[in-house]
Number of protein chains: 2
Amino acid sequence: MADGPTNSSGGENLLFLTDEQLRKGIEAMFFAYRGFTADPDRILDEHGYGRAHHRALHFINRTYGTTVNNLLLVLGVTKQSLNRVLRTLIEDGLVESRIGKTDRRERNLYLTESGAALERALSEAQRERMRAAYRAAGPQAVAGFRQVLEAMMDDEIRRQYNSLRERRP
Amino acid sequence: MADGPTNSSGGENLLFLTDEQLRKGIEAMFFAYRGFTADPDRILDEHGYGRAHHRALHFINRTYGTTVNNLLLVLGVTKQSLNRVLRTLIEDGLVESRIGKTDRRERNLYLTESGAALERALSEAQRERMRAAYRAAGPQAVAGFRQVLEAMMDDEIRRQYNSLRERRP
DNA sequence: CATTTTATGTCAGCCTTGTTGACATTCCAA
DNA sequence: TTGGAATGTCAACAAGGCTGACATAAAATG
């Protein structure tokens, strides 16, 4: 996998990575992820929600009319766990669940006005942090950032990640 | 902050970032973090531990003889939460807690042989994933990756991250 | 020396979010 | 018609966050 004689991305080939360097990267990942979630967490807290709600709102917004099963695959949790979160969002009027047209067993999920509003607030806070980081690091760094992250995903996940579609409202 | 007329890292200045690009980055972060934690999680599971134990082991290993208070600051949790984890690690003989020499109120924390062994297994799994990602992406990408992550941290955290010291056994 | 502050530990209780297992309903498909 | 897939629901449990209260020892400070 990483043994090929040439590197596709134009870097020098032989990479000597000390444990020290790798540890730095590991800790950077840990601390950065904390920053990454800090702003949305504050907003969620005001509404009495947690990260699980954020994730659900995010992916319902991204893939308009997604089914519960699709959501389960992306989020990687059990249906019982997702269901609890989903139920509160539906009860609170942030998410609408409509019976599927072609397959009436399925539930298609949509954000309501207020659901979309919260999602916007959350993602705007997160985008702002990401934007600032991107600006500070520069475009070349951003490209590298994305390359490393993508290489760090599990294979099946990378497939899902790469098959992202624009939402069609 | 991001308004300076020049970019320090040699990139072009004007960065036009669409919400689409930022969303891609956000999701990359989400999915990559899952991959990042997947391998240690499996090992931890076999031992009946969770991520909280991993974090404690990691930072006790990194800063040899650290105090409980130091650990609290780095981990960003309450002492009650940390204590629960620490207690099980001490009971299980993975961590040793010694009364401080200069300040007898403090407890200095050390990994035992078996604690160090588990830490090694966990970090080696994580390093291996990181190493593979680094190799796949190349050295230039790695530099960018680290730059963006560092810019994404909270300010106080970045200070902690940058003041990493080699452990002195 | 008396008092206050600091570092740590511990108990109790609560919340979110993950888990498993069991079971019901609905409905497509063979 | 029957099997299986998709979904929902109930119950129980665990990890690991949180708060609040309280105890102890030791350091720091008046």
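We name chains A, B, ... by the order of the sequence lines, and we start the count at 1 in each one. Just so you know, these numbers come straight off a predicted model, no measurement behind them.
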So, [X] and [Y], do they make that salt bridge, N to O below 4.0 Å?
| X | Y | result |
| --- | --- | --- |
| B:Arg129 | A:Asp154 | yes |
| B:Glu124 | B:Arg131 | yes |
| A:Glu156 | A:Arg159 | no |
| B:Arg34 | B:Asp41 | no |

### Query
How are the rings of A:Phe59 and B:Phe30 set to each other: parallel, tilted or perpendicular (split at 30° and 60°)?
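Tilted: the ring planes of A:Phe59 and B:Phe30 meet at 30° to 60°.
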### Message
Does a side-chain N or O of B:Asn69 approach OP1 or OP2 of C:dT6 to a distance below 4.0 Å, or not?
### Response
no
### Query
Just to confirm, is there a sub-4.0 Å distance from OP1 or OP2 of C:dT19 to any side-chain nitrogen or oxygen of A:Thr78?
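For A:Thr78, the contact criterion (side-chain N or O under 4.0 Å from OP1 or OP2 of C:dT19) is met.
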### Query
Rounded to whole angstroms, how far apart are OH on B:Tyr49 and C1' on C:dT19?
20 Å
### Summary
To the nearest angstrom, the CG-C1' distance between B:Leu72 and C:dT8 comes to 9 Å
### Message
Has A:Gln126 got a side-chain atom pairing as donor or acceptor with A:Phe36's backbone, closer than 3.5 angstrom?
### Response
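Yes, the answer is positive, given that a donor and an acceptor are paired below the 3.5 Å cut-off.
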### Query
Between B:His58 and B:Leu122, is any pair of side-chain heavy atoms under 4.5 Å apart?
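Counting from C-beta outward, B:His58 and B:Leu122 never come under 4.5 Å.
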### Query
C:dG21 base to A:Gln80 side chain: any donor-acceptor pair below 3.5 Å?
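Checked by distance alone, the answer is yes.
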### Query
Which residues in residues 83-108 of chain A have at least one heavy atom lying under 4.0 Å from any atom of DNA chain D?
A:Asn83, A:Arg105, A:Glu106, A:Arg107
### Task
Could you walk me through whether A:Arg42 and A:Glu46 pass salt bridge (charged side-chain N to carboxylate O under 4.0 Å, His left out), step by step?
CA-CA 7 Å; A:Arg42 270 186 287 272; A:Glu46 295 165 13; over 6 Å; no
### Task
Heavy atoms of chain B, cut-off under 4.0 Å: which first and last nucleotide of DNA chain D, 5' to 3', fall inside that, if you could look?
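The footprint of chain B covers D:dG16 to D:dA27.
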